[in-house]
Amino acid sequence: MGEEKKPQSAGVWATVKPFVNGGASGMLATCVVQPIDMVKVRIQLGQGSAAYVTKTMLKDEGLGAFYKGLSAGLLRQATYTTARLGSFKILTAKAIEANDGKPLPLYQKALCGLTAGAIGASVGSPADLALIRMQADATLPAAQRRNYTNAFHALYRIVADEGVLALWKGAGPTVVRAMALNMGMLASYDQTVEFFRDSVGFGEGATVLGASAVSGFFASACSLPFDYVKTQIQKMQPDAQGKYPYTGSLDCALKTLKSGGPFKFYTGFPVYCVRIAPHVMLTWIFLNQIQKVEKSAGL
């Protein structure tokens, strides 16, 4: 009986391991970049430059202010990154099996990345909503603050006050952006690892570091156009006649392309890349280290 259970246990771990590893690496990366993300949210809310926001937060709220919403950020990684990296690993494994064990062409990796991004964003959308609300809460007038104590309290209050479907507010644009981001992030990483390792002959450390940097760049490049359109839609206001400048995301994209050309979608790319790339890089680096520890432990 014992001999029959062992393979079953090993099979269960082999199935869940990509999800556990993905979530753990994303959570570790979030712990490192959370202060940067907190400052970014305050800047987007119009509180000034990065230097001014950092100085004001330290003076008025203390060091702990940089980690407000960390529980929601960790919950987001435990759902979003667990789902996207785990499902990407499963999808690519199945595709390689169907391809007779040969490495996948780039377009198939991109399709796996798109699918994994959609799955991850759908699962992680409630935690993402809780994170944004917790980070923005301190900027509201005292009477308007929601005063969530942690991520689970935020989710409970959202459901109680607004209904279950409110957890997926804005999920449509979020899912589309996540699909583009993960297509760039996941496909480019796998492709670059193969190139650096097999064609250039880099060692493990240089391969992971180089591929992580490339992955961070392409994650930013693929997702910024969608992020730009999402931002334009979110901030638009009606004119004197009550008419909005855009009827929707597609209308915004077409009008932007017509008026400013394709490069208009990449307005602010350096700042956006600095915001996105470090988390992507750290996620891959932590994932590699976790896998090395597991291998040495025989897991």
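If you chain together hydrophobic residues whose side chains sit under 4.5 Å apart, F218 and L287 fall into the same group. With hydrophobic clusters built from ILVMFWY side chains whose heavy atoms lie under 4.5 angstrom apart, Y107 shares a cluster with M179. Linking Ile, Leu, Val, Met, Phe, Trp and Tyr residues whenever their side-chain heavy atoms come within less than 4.5 Å places F217 and Y228 in a single cluster. Note on L70 and L63: same hydrophobic cluster, where clusters join Ile, Leu, Val, Met, Phe, Trp and Tyr whose side-chain heavy atoms are under 4.5 Å apart, directly or indirectly. Placement of F202 and Y189 in two distinct hydrophobic clusters is found when ILVMFWY residues are connected by side-chain heavy-atom separations under 4.5 Å, directly or transitively.
A salt bridge links E194 and K109; the closest N-O separation between the charged side-chain nitrogens and carboxylate oxygens is under 4.0 Å.
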Side chain to side chain contact (heavy atoms under 4.5 Å, CB included) between M185 and R84: does it pass, once the steps are laid out? CA-CA 11 Å; M185 171 186 172; R84 64 176 176 149; 3.3 Å; yes
Stepwise side chain to side chain contact (heavy atoms under 4.5 Å, CB included) test for T82 and V20: CA-CA 6 Å; T82 295; V20 172; over 6 Å; no
Assess the residue pair S223 and Y272 against the criterion (side-chain hydrogen bond (donor to acceptor under 3.5 Å, both in side chains)); give the C-alpha distance rounded to whole Å, side-chain angles, the decisive distance to 0.1 Å, and a yes or no. CA-CA 10 Å; S223 62; Y272 184 78; 2.8 Å; yes
Please determine whether side chain to side chain contact (heavy atoms under 4.5 Å, CB included) holds for the pair S122 and V175, giving the CA-CA distance in whole Å, both sets of side-chain angles, and the decisive distance to 0.1 Å. CA-CA 6 Å; S122 300; V175 168; 4.0 Å; yes
Take T256 and V229, measure what side chain to side chain contact (heavy atoms under 4.5 Å, CB included) needs, and give me the verdict at the end. CA-CA 9 Å; T256 300; V229 169; 5.5 Å; no
Where do W284 and S215 land on the side-chain hydrogen bond (donor to acceptor under 3.5 Å, both in side chains) test, with the steps shown first? CA-CA 9 Å; W284 288 125; S215 176; 2.9 Å; yes
Audit row: N99, Q108, side-chain hydrogen bond (donor to acceptor under 3.5 Å, both in side chains) steps and yes/no: CA-CA 10 Å; N99 203 34; Q108 287 188 12; 5.0 Å; no
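Between P262 and L257, the closest side-chain pair of non-hydrogen atoms falls below 4.5 Å. Side chains of L75 and L155 form a contact here, defined as non-hydrogen atoms less than 4.5 Å apart. Contact of the V39 side chain with the P35 side chain is not registered, since no non-hydrogen atoms from C-beta on lie closer than 4.5 Å.
Taking the six-membered ring for Trp and thresholds of 30 and 60 degrees, F269 and Y266 have ring planes more than 60 degrees apart, a perpendicular arrangement.
Enclosure of atom NZ in K264 is not indicated, since only 12 or fewer non-hydrogen atoms of other residues, nucleotides or ligands lie within 6.0 angstrom. The number of heavy atoms from other shown groups lying within 6.0 Å of CZ (F286) is above 12.
Between the side chain of N182 and the main chain of A178, a donor-acceptor pair closer than 3.5 Å is present. Judged purely by atom type and a 3.5 angstrom limit, T92 uses its side chain to pair as donor or acceptor with the backbone of K89.
For the atom pair CD (E204) and CG (L209), the distance works out to 12.0 Å, reported to the nearest 0.5 Å. For the atom pair OG1 of T283 and CE of M27, the computed distance is 12.0 Å after rounding to the nearest 0.5 Å. Atom SG of residue C112 and atom CG of residue L186 lie 9.5 Å apart, to the nearest 0.5 angstrom. The distance from the CG atom of L224 to the OG1 atom of T267 is 7.5 Å, given to the nearest 0.5 Å. Taking OG1 of T30 as the start and CZ of R76 as the end, the distance is 7.5 Å to the nearest 0.5 Å. How far CG of L254 is from NZ of K258: 10.0 Å, rounded to the nearest 0.5 Å.
Here the two rings, on F88 and F19, have centers that are 6.0 Å apart or farther.
For C222 against G184, the heavy-atom pair with the smallest separation is SG-CA, 3.7 Å. When all heavy atoms of L85 and G22 are compared, the closest pair comes out as CD1-CA, 3.6 Å. Across all non-hydrogen atoms, the minimal contact from F265 to A253 is CZ-O, 3.3 Å. Heavy-atom minimum distance, Y246 versus C252: CD2-CA, 3.5 Å. Of all the heavy atoms in S125 and W168, the pair that sits closest is CB-CD1, 3.6 Å. In terms of heavy atoms, T192 sits closest to A211 at CG2-CA, 3.8 Å.
The only option from L74, T79, T81 that meets the side-chain contact (heavy atoms from CB on, under 4.5 Å) definition with Q77 turns out to be T81.
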